[in-house]
Amino acid sequence: MNENLILTYNLASLKMIRGSLHVFAMEAEDELAQRKYHESMMKIDEIIHTIDMGLKSRDS
């Protein structure tokens, strides 16, 4: 399987997971749970950024 295809698939999966975490964070009543969801979202954002940069460098 093409590495770019795998990275693109992983990117899409991470974006879906991040979207779910956002929903859970909005529905959470506990402040600690909300904070943990947001921390997880920030970590996923870093990974998404890294994958985006990797895909862009491969296209160049």
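Keep in mind that what you see is a predicted model, and the values were worked out from it rather than measured. Reckoned from all heavy atoms, side chains included, excluding hydrogens, waters and symmetry mates.
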Worksheet, complete the sentence: dist Asn2:CG -> Arg58:CZ (nearest 0.5 Å) comes out at 8.5 Å

Practice prompt. Describe, in one word, how the ring planes of His38 and His22 are oriented to each other, choosing from parallel (under 30°), tilted (30 to 60°) and perpendicular (over 60°).
Written response: perpendicular

Worksheet item: Quick one: CD1 on Ile44 to CE on Met16, what's the gap to the nearest 0.5 Å?
Response: 11.5 Å

Discussion item. Let me confirm one number: the NZ-OG distance from Lys36 to Ser40, rounded to the nearest 0.5 Å.
Written reply: 8.0 Å

Practice prompt. Please name all residues satisfying salt bridge (Lys or Arg N to Asp or Glu O under 4.0 Å) with Asp45, sequence neighbours left out, ordered by chain then number.
Written response: Arg18

Response to the item:
Rounded to the nearest 0.5 angstrom, the CG-CG distance for Asn10 and Leu55 is 9.5 Å

Fill in: Spacing of CG belonging to Asp30 relative to CZ belonging to Arg35, to within rounding of 0.5 Å
9.0 Å

Worksheet entry | same_hphob_cluster(Ile51, Tyr9) at 4.5 Å side-chain heavy-atom cutoff | no

Fill in: Lys43 bridged to Glu46 by N-O distance under 4.0 Å
no

Response to the item:
d(Met42 CE, Ile47 CD1) to nearest 0.5 Å is 12.5 Å

